[in-house]
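To start, the structure itself, in structure tokens.
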2 protein chains.
Amino acid sequence: MKHNLIIADDHKMFLDGLLSILNTESSYNILYTAKHGGHVQKYISINTEEKIDLVITDVTMPEVDGITLNKWIKNTDRNIKTLVVSMHNTPEIIDSLIENNVDGYLQKNAQKEEFLKAIETILGGEKYFSKEIKDIYLQNKFEKNKEKEIKLTKREVEVISLIAEEFTTQEIADQLFLSKHTIESYRKNLITKLNVRNLAGLTKYAIKKGYVS
Amino acid sequence: MKHNLIIADDHKMFLDGLLSILNTESSYNILYTAKHGGHVQKYISINTEEKIDLVITDVTMPEVDGITLNKWIKNTDRNIKTLVVSMHNTPEIIDSLIENNVDGYLQKNAQKEEFLKAIETILGGEKYFSKEIKDIYLQNKFEKNKEKEIKLTKREVEVISLIAEEFTTQEIADQLFLSKHTIESYRKNLITKLNVRNLAGLTKYAIKKGYVS
DNA sequence: GTATTCATCCCCGAAAACAGGTATTTAAAA
DNA sequence: TTTTAAATACCTGTTTTCGGGGATGAATAC
């Protein structure tokens with residue numbers, strides 16, 4: 001049984017290349033090609049009865065881009081797979097697409113073999129991402145996690161250290177020549193910032209970080 | 001200049017042996033021998049002007065024993081050295097004597113050479129204890145320290161663990177199916193027992209002991 | 001040059017912790 | 001068997017923490 005494909009890309013050259021690859025394979029039936037996402041949306045909306053297996057789309061297109069198109073398709077209940085093919089691969093684009101359940105992502109400079117493999121994989125129900133894309137995605141994820149790493153200011157470290165050394169708010173205020181309200185604020189902020197519940201949590205954090213022994 | 005000695009021992013055989021050893025040394029002058037401590041006390045009390053350098057005494061004697069005698073001698077201002085010689089060496093006896101500033105302690109089965117060495121050492125102003133006695137004393141000290149080590153009961157460990165896991169008193173009570181008053185008691189006892197000031201201290205202890213990570 | 005972060009200070013009310021006891025029952029140890 | 005230790009529970013206060021706000025000046029970053 002043939003699979004029905006739709007292709008959206010505003011670069012004629014790339015579109016032709018892709019078509020020539022797909023035409024060597026007898027199992028793919030190109031239903032429709034479009035220059036931007038809006039056309040694809042319209043086509044899908046009209047042909048409600050037609051089985052559409054896969055939409056291959058570029059990211060950068062006039063009017064309705066690939067990101068929007070993918071999101072739109074995944075919001076239908078038609079079980080249409082999506083394969084995004086792009087020239088520029090920013091982490092933001094990849095992130096957004098994966099967040100919206102895209103089925104695959106390739107760079108445009110991919111080889112014929114990889115295109116066919118990606119399409120096959122996706123039609124088989126699995127996801128396909130090129131190695132480069134996976135790397136970009138993960139690298140970005142790690143960096144974001146790093147950003148999420150809680151950074152305490154000098155003062156906060158001072159305060160949490162003294163807290164873990166069993167001093168009360170008032171005592172810490174006296175030692176640092178600050179108002180007790182200030183220390184209270186620090187304690188409160190630390191509890192929120194470090195996502196703990198109380199002194200015990202603060203103390204554990206301080207020990208883990210080596211602020212106290 | 002000869003040193004003046006007094007010997008107290010209710011075992012004639014040992015007394016004779018000791019005398020024979022000391023008589024081979026021309027520098028010791030045996031002032032007096034007694035069968036129990038009371039006689040020594042009386043002798044010392046009466047002869048206030050006489051220089052008495054050393055009292056060698058047994059521990060187990062009728063009426064006034066060696067421990068009492070040592071204590072009594074050390075309470076005078078006569079600077080009289082004491083050497084205790086005993087058959088049975090319990091840590092309690094050794095402890096008590098050292099506590100009361102005894103100058104030496106030997107086992108009765110010591111060799112002639114050790115006796116002489118002990119006496120010389122003591123008369124020279126230093127303390128002398130046989131190796132065995134030192135070992136018994138230290139071993140006992142270590143054990144007592146171990147006893148002093150704070151031991152938490154099973155329940156206390158449970159409670160301090162939960163405290164360090166940032167649960168409140170009420171939450172811990174609920175988890176252990178106990179009254180919140182009970183947990184409050186535990187928290188309070190722990191603070192006292194572990195000599196800390198607050199939750200932070202309890203948490204640090206729990207971490208050090210590996211109750212939480 | 002404006003937005004954000006840092007350091008600082010303040011208020012309030014509820015909840016929890018802290019300090020200082022006492023008391024009962026049970027189990028273990030001396 | 002008497003004493004001691006452990007586990008449990010309660011009472012009365014005071015202090016501290018916690019969670020929710022808001023505010024301001026100075027420095028830093030974009």
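Labels below follow one simple rule: chain letters A, B, ... track the order of the sequence lines, proteins then strands, and each chain is numbered from 1.
- Nearer to the 5' terminus of DNA chain D, by closest-nucleotide assignment, is the contact made by B/L178 (compared with the other of B/L178 and A/F167).
- Here the CD1 atom belonging to A/I191 is positioned 10.0 Å from the NZ atom belonging to A/K188, to the nearest 0.5 angstrom.
- Closest contact between the side chain of A/H181 and the listed nucleotides C/dA17, D/dT16, C/dC11 involves C/dC11.
- Looking at heavy-atom distances under 4.0 Å, A/E184 makes contact with a base.
- The separation between B/N189 atom CG and C/dT22 atom C1' is 12 Å, rounded to whole Å.
- Here the nucleotide nearest the side chain of B/T153, chosen from D/dA7, C/dC9, C/dA16, is D/dA7.
- Between the CG atom of A/L199 and the C1' atom of D/dC18 there is a distance of 10 Å, rounded to whole Å.
- Between B/S179 and D/dC10, a side-chain N or O to OP1/OP2 separation shorter than 4.0 Å is present.
- Atom CG in B/D174 sits roughly 10 Å away from atom P in C/dA16 (whole-Å rounding).
- Across the protein-nucleic acid pair, A/K180 atom NZ and D/dT15 atom P stand 10 Å apart, rounded to whole Å.
- For a distance-only test at 3.5 Å, the side chain of A/S185 qualifies as a donor-acceptor partner of the base of C/dC9.
- Remark: A/T182 is in phosphate contact with C/dC9, judged by side-chain N or O atoms under 4.0 Å from OP1 or OP2.
- Regarding contacts with the backbone of C/dA17, a side-chain N or O of B/T169 is found under 4.0 angstrom from either OP1 or OP2.
- Taking the charged nitrogens against the carboxylate oxygens, B/E120 and B/K117 have no contact shorter than 4.0 Å, which rules out a salt bridge.
- Side-chain atoms of B/I119 and B/L22, non-hydrogen and from C-beta on, do get closer than 4.5 Å to each other.
- We find that CD of A/E166 is positioned 11 Å from P of C/dA19, with the value rounded to whole Å.
- The side chain of A/I191 has D/dC18 as its nearest neighbour among C/dA16, D/dC18, D/dA7.
- No option in A/K108, A/K35, A/H36 other than A/K108 meets the side chain to side chain donor-acceptor pair (under 3.5 Å) test with A/D9.
- Note on B/R155: a side-chain N or O is less than 4.0 Å away from OP1 or OP2 of D/dT8.
- Between A/K188 atom NZ and D/dT16 atom P there is a gap of 17 Å when expressed in whole angstrom units.
- OP1 or OP2 of C/dC18 sits under 4.0 Å from a side-chain N or O of B/R187.
- Atom CG of A/L202 is separated from atom P of D/dT16 by 17 Å (rounded to the nearest Å).
- Per the geometry, CG belonging to B/L176 stands 8 Å off P belonging to D/dT8, to the nearest Å.
- Below 30°, between 30° and 60°, or above 60°: for A/Y211 and A/Y205 the angle between ring planes is between 30° and 60°, a tilted geometry.
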